[in-house]
Amino acid sequence: MGAEHNTLSKSERLNKKLLIDRLFAGGNKSLLAFPLRVVYMLVIQEREKASILVSVPKKRFRRAVKRNRAKRQVREAYRKSKSILLRALEERGECMVLAFIWLDDNLYASDVVEEKVKNLLVRIVEKL
RNA sequence: GCAGAUAACCGGUCUGUCGCCGUCGUAUUUUUACGGAGGAGGAAAGUCCGGGCAGCACAGAGCGUCCUACUUCUUAACGGGAAGCUGUCCGCAAGGAUGGAGCAGCGCAGAAGAAAAUAACCGCCAACCGUCAGGCUGGUAAGGGUGAGAAGGUGAGGUAAGAGCUCACCGGCCAUGUGGUGACAUAUCGGGCCGUGCGCCUUAGGAGCUGUAAGAUCAUGUAAACCGGCGUCAUGAGGAUGGCUCGUCCCAAUUCGUCGGAGGGUAGAUUGCUAGAGCCUUUUGGUGACAAAUGGCGUAGAUAAAUGACAGACACUUUGCAAAAAGUACAGAACCCGGCUUACAGGUUAUCUGCUUUU
RNA sequence: UGGACUAUGGUGUAAUGGUAGCACAACAGGUUUUGGUUCUGUUUGCCCAGGUUCGAAUCCUGGUAGUCCAA
């Protein structure tokens, strides 16, 4: 696995209820790049270096088609640019859990979303 | 040609790069890697009906409660569908929308109006009283205004005035005949003949409850819940049968303590999970919904939830002389089916209707 | 995913199918030197669209928005 293989398999998705509860319980850092907010937390040891979760509230888009599109855009953007984060984590030997939350009522073009995700990842790496 | 009606169908295509989820094959101890084949809808939506499937409950009868309600069919079933009957409304038409068990009995109907059902306010007529005004007694449903609804309708005869009081026609009801499986239609006859709406009610048919987050298995683990034994406390005939009654069943139940048995919940994994009242072709039966037979097909299975992102080309629509520009609907499986309802850019086919033109 | 329910002035909340009330708020006027209190008056409503009915906030159907429950 490297920068050449920009995969995003099932094991990189966050689906453990306990971890999600801890992530949103409070006290964790969050960054904002409108229309996205990211919440992240360092964890001790997981199978993957970083696992993510994308959330688009039903209040923002009532129709499932638009919700799915927003989630797919964010996932795609993370898949393309996750090497920024992974390299930094590998240097420090730590693991991380992230949650992306959609905040706006409108859809955006894919390149805009990708730019915002990159921006967030770079800022996370800076703050480590 | 234009404008419509009905029914059925489609609802973008191709190429490249990078990915996601099952599955199959090969390699590999596993991890994993490579390759093959596949991967959202007509509504997947709303969750409005009906069923399958699963768990729990369950001797039975009557009543109650709830649902359905023109007829005949269709189906696993339905409140759906088909074909018909009949009333009302819309449309020049093709057609469309919508209602329809029964009326034996009972109740209600604001305001208005004399009166909302064993009708006399005004009016009309007659007798009596009075001085002319009028009063009083009786008859009268033709006229008046109100109202959603006013005592079958129209005409003629008749009468003091009127009145199905009588007659003709129309409507309605009863009986009989004919046609139809039937709703019903139609013909004849008869007696002078039913106010409207809603509800109760009556009749016929039907309905156990919960839902795949059901349920099953595994692993961790042993509770204050369950079962049985023993002891103990107070009460003294009850408890169960989904609302009530009858009937039936239990003969002990309840409190606390103790011993033994059994294994519940939470988080997780696997399963349930996709071959099913399945889809397509042809033929036959049927007006049709649909049914039967023959042949063929293998067709998503996720779980904080995959089926995608980007680029290019084409196609279609609108604007435009052109170049070109803008746009390409509604919408995302969550156990599975049958319907219903709602949303939907644009397009195709068939039959039919109206108008117009030509032959 | 499965199920239950609600929608009435700016806010909270009533109404048996028959004129939509009440309280607070807002506004205007009176009282007061002024403000408050108080008195009088006014304004603003049945989620949307169909249907049943003589008549619908109420009954029925379909939408929209919101709330709750199971986990």
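What you see is a predicted model; the values in this text were computed from it and never measured. We name chains A, B, ... by the order of the sequence lines, and we start the count at 1 in each one. For the numbers below, each heavy atom of this structure counts, side chains included, while hydrogens, waters and symmetry mates do not.
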Report task. Find out whether A/L85 and A/V125 are in side-chain contact, i.e. whether some heavy atom of one side chain is under 4.5 Å from a heavy atom of the other. Result -> yes
pair_partner(B/G242), Watson-Crick or wobble, both distances < 3.5 Å, evaluates to none
Worksheet item: B/G197 and B/C173: how far apart are their P atoms, nearest whole angstrom?
Response: 15 Å
RNA chain B nearest-nucleotide lookup for A/V54 and A/K66: closer to the 5′ end is A/V54
Side-chain donor-acceptor pairs under 3.5 Å in residues 114-121 of chain A, sequence neighbours left out?
{"from": "A/K116", "atom 1": "NZ", "to": "A/F34", "atom 2": "O", "distance (Å)": "3.4"}
{"from": "A/N119", "atom 1": "OD1", "to": "A/R123", "atom 2": "NH1", "distance (Å)": "3.0"}

Between the side chain of A/Q73 and the main-chain N/O of A/Y108, is any donor-acceptor distance below 3.5 Å?
-> yes
B/C124 -> Watson-Crick or G-U wobble partner, both distances under 3.5 Å, gives B/G139
Looking only at heavy atoms, the pair that brings A/V56 and A/R67 closest together is O-CD, 3.6 Å
Using atom names, set out every protein N or O paired with an N or O of nucleotides 306-308 of chain B below 3.5 Å, distance rounded to 0.1 Å.
{"from": "B/U307", "atom 1": "OP2", "to": "A/R72", "atom 2": "NE", "distance (Å)": "2.7"}
{"from": "B/U307", "atom 1": "OP2", "to": "A/R72", "atom 2": "NH2", "distance (Å)": "2.9"}
{"from": "B/G308", "atom 1": "N2", "to": "A/E76", "atom 2": "OE2", "distance (Å)": "3.4"}

- Task: Using the C1' atom as the reference point in each nucleotide, state the distance between B/G278 and B/U342 in Å, no decimals.
- Result: 27 Å
ask   = When rounded to the nearest Å, what value does the distance between C1' atoms of C/C46 and C/G12 take?
value = 16 Å
>> When the P atoms of B/A291 and B/U75 are compared, how many Å lie between them, rounded to an integer?
In response: 6 Å
**Whole-Å P distance, B/C24 and B/U271** = 12 Å
Comparing nearest nucleotides in RNA chain B, the 5'-proximal residue of the pair A/D111, A/L53 is A/L53
Here the pair of heavy atoms bringing A/L103 nearest to A/L36 is CD1-C, 4.1 Å
Re B/U328: Watson-Crick or G-U wobble partner, both distances kept under 3.5 Å, found to be B/A315
### Residue pair A/F100, A/L53: steps toward the side chain to side chain contact (heavy atoms under 4.5 Å, CB included) verdict
CA-CA 6 Å; A/F100 292 92; A/L53 171 152; over 6 Å; no
Re B/A76: Watson-Crick or G-U wobble partner, both distances kept under 3.5 Å, found to be none
Base orientation of B/U274, chi within 90° of 0 counted as syn, else anti, reads syn
Here the gap from A/L86 atom CG to A/E91 atom CD, rounded to the nearest 0.5 Å, amounts to 11.5 Å
Across every strand shown, the nucleotide meeting Watson-Crick or G-U wobble geometry with B/U32 (both distances under 3.5 Å) is B/A27
Between CD1 of A/I52 and P of B/C20 the distance, given in whole Å, is 12 Å
Any strand, both distances under 3.5 Å, Watson-Crick or G-U wobble: B/G91 pairs with none
Per the O4'-C1'-N9-C4 / O4'-C1'-N1-C2 angle with a 90° window around 0, B/A161 comes out anti
Any side-chain N or O of A/S110 below 4.0 angstrom from OP1/OP2 of B/A309? no
Taking B/G38 as the reference, what is the distance to B/A7 when you measure between their C1' atoms (whole Å, please)? 36 Å
In this structure, OG of A/S55 is separated from NZ of A/K71 (nearest 0.5 Å) by 7.5 Å
Between the OH atom in A/Y40 and the OG atom in A/S30, the distance rounded to the nearest 0.5 Å is 8.5 Å
Which atoms of nucleotides 327-331 of chain B (N or O only) lie under 3.5 Å from a protein N or O atom, and what are those distances?
none

Checking N1-N3 plus N6-O4 or O6-N4 for Watson-Crick, or N1-O2 and O6-N3 for wobble, each under 3.5 Å, the partner of B/C165 is B/G157
Using Watson-Crick geometry (N1-N3 plus N6-O4 or O6-N4) or G-U wobble (N1-O2, O6-N3), each under 3.5 Å, B/A343 is paired with none
Check your understanding: Considering only the P atoms, how many Å lie between B/G228 and B/U254, rounded to the nearest integer?
Key -> 10 Å
Between the CG atom in A/L31 and the NZ atom in A/K127, the distance rounded to the nearest 0.5 Å is 5.0 Å
Syn within 90° of 0, anti beyond: B/G158 is anti
Taken to the nearest 0.5 Å, the spacing of A/I84 CD1 from A/L89 CG works out to 12.0 Å
Between NZ of A/K82 and P of B/G19 the distance, given in whole Å, is 10 Å
| field | C1' gap between C/G63 and B/C330, integer Å | value | 16 Å
